[in-house]
Student: 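I am attaching a structure below and will ask some questions about it afterwards.
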Amino acid sequence: MTLFDRLAVELSRVVAEQFQVELPPTQIQWDAPPDPTMGDLAFGCFPLAKSCRRAPQQIAAALAPAMARVEGVDRADAAGPYLNVRLKRDLWFADTLGAWSTGLPDWRLPAEERRRVVLEFSCPNTNKPQHLGHVRNNILGDGLSRLLKAAGHDVVRVNLINDRGIHICKSMLAWRKWGEGQTPESTGQKGDHLVGDYYVLFARKLAEEEAVWRAAQGLEGKATDEEKRAFEAQSQLQGEVSAMLRDWEAGDEATLELWRTMNSWVLRGYDQTYARQGIAFDRVFYESEIWRLGKGEVEDGLARGVFQRSESGAVVCPLEDLGLEPKVLLRSDGTAIYMTQDLGNAVMRQRELGFDEMIYVVGSEQEHHFRVLFHILGRLGYGWAERLTHFSYGMVNLTTGKMKSREGRVVDADDLLEELEESCRRVMEESQKRLDLSEEEKAAIVHDLALAAVKYFVLKVTPRLDMLYDPEESIDLAGNTGPYLQYAHARMGSLVRKSGLDPAAVGSFDLLGEPEEVELLAHLSFWPREMRLAASQLNPARVAQRTYELARSFSRLFNAHSIFDRVEDPRLAAQRIALTAAAARALRCGLDLMGIPAPERI
RNA sequence: GCGCCCGUAGCUCAGUGGAUAGAGCGUCGGUCUCCGGAACCGAGUGCGUAGGUUCGAUUCCUACCGGGCGCACCA
């Protein structure tokens, strides 16, 4: 039991004595007072006002003298409606640093609250390379999986590769028509980029065809929806793509062969992209293997009267209880759509992985889709439907405007990492102080810095919100950035090493108590609670924030006081080193949770 | 038109209904005989508007203004 927990028990007892009111210790929330001179912990007495039938001010005043007598408490004051508690320094330091001295404090949820969680994220289409949107998804999904795992859940990270469909055929068709047998080997190009170029080429050729057609039709200005449809209905290219998809679904061997070849190029490219980003999965599903799955569910639902057949022959699910039009689940020609596949997918996942909860990391533009999906699964009678979550995140906008993949106006994921590395290398070489690092070490550090820059840049923003990606700012290594955190971590480790002192050997903390030391201590004390909160809120941004505050707090201490050099009293040096070692561990913990490497030297 | 989300400092973002709303960047000014300056400190400007609920509202509710995203037999 931590000091905070013991104090909660004591406060609960004091409340019971003074007011004969029950306040369970678990409900006591210790906050930090706005100004450290007021105390170390604050308890707002507002929730007690009703049950005690007193004003919060009076309650605080009544509790203060009794709390002041509690062991470990140095002072307890009423400040208006707040009860402020100042802790005995040596006890608080010993309690908190003791928990950090051998490892991390255990902040996992109690066993009965741990769940088996399937977390689906990334889910790229194999018609083009990954871009900035995928990068945000990958980083959020990966960060979330680390956070949930650390909270004690059994997490299964799942990727679903969208490797079939009309969009895939577009790249294939373009390559077959104009590719002249190019391969990743012949061009030296990464496979996903090569295939992506053909996707863009298809879009260009289609636009050319459309321009010719429009001119022939005497059409001018911006195309209307009707004109678009009219064009597509007679388009040569569009027809060829549709034919190719039919061939694929019919199992035409030549088409399948081309599909297998090009997909393998893309997937090999993705392997590199993921490896570079430090992203991994426990299970990878391919849509080509499971796309037929949903039909059975729909037919079953139809037989049971959950779904209906519309006039056109399509199978629909009525949604009047959501105030929506019926949702089509099978087209009138009997083919499946996105929703159909997702139904089958969810059922299959439950069968195969047996999750308590499943979380889909997918952009906010699909909120409606998931709302409907979960609702339909509920209608089918699956109780677990209510334990499905759409972890919705906002779009990534560029300072230069909106991303449009068909126009090629995207930030490519590989290019981004490449540019970040270049800029990190530049900064490293400009700075004079570099220790003698080998080329390999340098390359590793540059890689780690670039990863820290992009991951932290993404994670510190609340996921739900759209974010603005500013290449300039993301490259910046100073201020509230990932590299700053790595720098702070490396500096802490370096201090501990150079001091030659053993942090674990320190048993007493009677000499610590400077404001900067106490501020850092407070961050360490609150750390487990903050991480638990971040996990329960599914909010990696909270991890990012707390980690930054911790690093900054240490920088302040470092700047205000010598840690060991020029410290006269060896006992004080040892105690400060123990504090530094604990802070390094916490910082490392935060970086780990964000999937950011924590090199010893940068 | 309907639904969901968002409007906080010049910019990018934090902020469980509670004490004096915080960071980073940028601007200006400082610190250090420095254990790693990718550091630290200081100055300056702010809750879209109007109501309501509450002892107390940036936070909850309503309306309005401004922006984003959805509302496919696309994915």
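Note that these values count all heavy atoms, side chains included, but never hydrogens, waters or copies made by symmetry. Just so it is clear, the model here is predicted, and its values are computed rather than measured.
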Student: Give a yes/no on whether any side-chain N or O of R556(A) is located under 4.0 angstrom from OP1 or OP2 of rA39(B).
Tutor: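 The answer is no; no side-chain N or O of R556(A) sits under 4.0 Å from OP1 or OP2.
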
Student: In whole Å, measure the gap between the P atoms of rA14(B) and rG51(B) for me.
Tutor: 29 Å

Student: Considering only rA14(B), rA39(B), rA23(B), which nucleotide approaches the side chain of V461(A) most closely?
Tutor: rA14(B)

Student: For the side chain of R464(A), starting at C-beta, report the closest nucleotide among rC5(B), rA75(B), rA19(B).
Tutor: rC5(B)

Student: Looking for any heavy atom pair under 4.0 Å, which part of the strands does F46(A) touch: base, sugar-phosphate only, or nothing?
Tutor: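 Base contact - F46(A) has a heavy atom under 4.0 Å of at least one base atom.
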
Student: May I ask you to verify if any side-chain N or O of R497(A) is less than 4.0 angstrom from the OP1 or OP2 atom of rC35(B)?
Tutor: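 So the side-chain polar atoms of R497(A) never come under 4.0 Å of the phosphate oxygens OP1 or OP2 of rC35(B).
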
Student: Can you check the L468(A) CG to rU12(B) C1' distance for me, whole Å?
Tutor: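 Rounded to the whole Å, the gap is 7 Å.
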
Student: Checking all strands, does H561(A) fall into the base, sugar-phosphate, or nothing category for heavy-atom contacts under 4.0 angstrom?
Tutor: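 Touches a base.
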
Student: Are Y469(A) and F457(A) near enough that their ring centres are under 6.0 Å apart?
Tutor: yes

Student: Could you tell me the Watson-Crick or G-U partner of rC40(B), where both distances fall under 3.5 Å? Say none if there is no partner.
Tutor: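 Here rC40(B) is engaged in a pair, and the nucleotide opposite it is rG30(B).
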
Student: Taking only N and O in the side chain of Y393(A), is any of them less than 4.0 Å away from OP1 or OP2 of rC5(B)?
Tutor: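 Checking Y393(A) against rC5(B): no side-chain N or O falls below 4.0 Å of OP1 or OP2.
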
Student: How would you label the contact of T335(A) with the nucleic acid (heavy atoms, under 4.0 Å): base, sugar-phosphate, or nothing?
Tutor: nothing

Student: Let me know the distance between CZ of F558(A) and P of rA39(B), rounded to the nearest Å.
Tutor: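 My rounded result for the distance is 12 Å.
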
Student: If the C1' atom of rU45(B) is compared with that of rG24(B), how far apart are they to the nearest Å?
Tutor: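 Taking atom C1' in both rU45(B) and rG24(B), they lie 16 Å apart.
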
Student: Taking only N and O in the side chain of Y487(A), is any of them less than 4.0 Å away from OP1 or OP2 of rC40(B)?
Tutor: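 For rC40(B), neither OP1 nor OP2 has a side-chain N or O of Y487(A) closer than 4.0 Å.
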
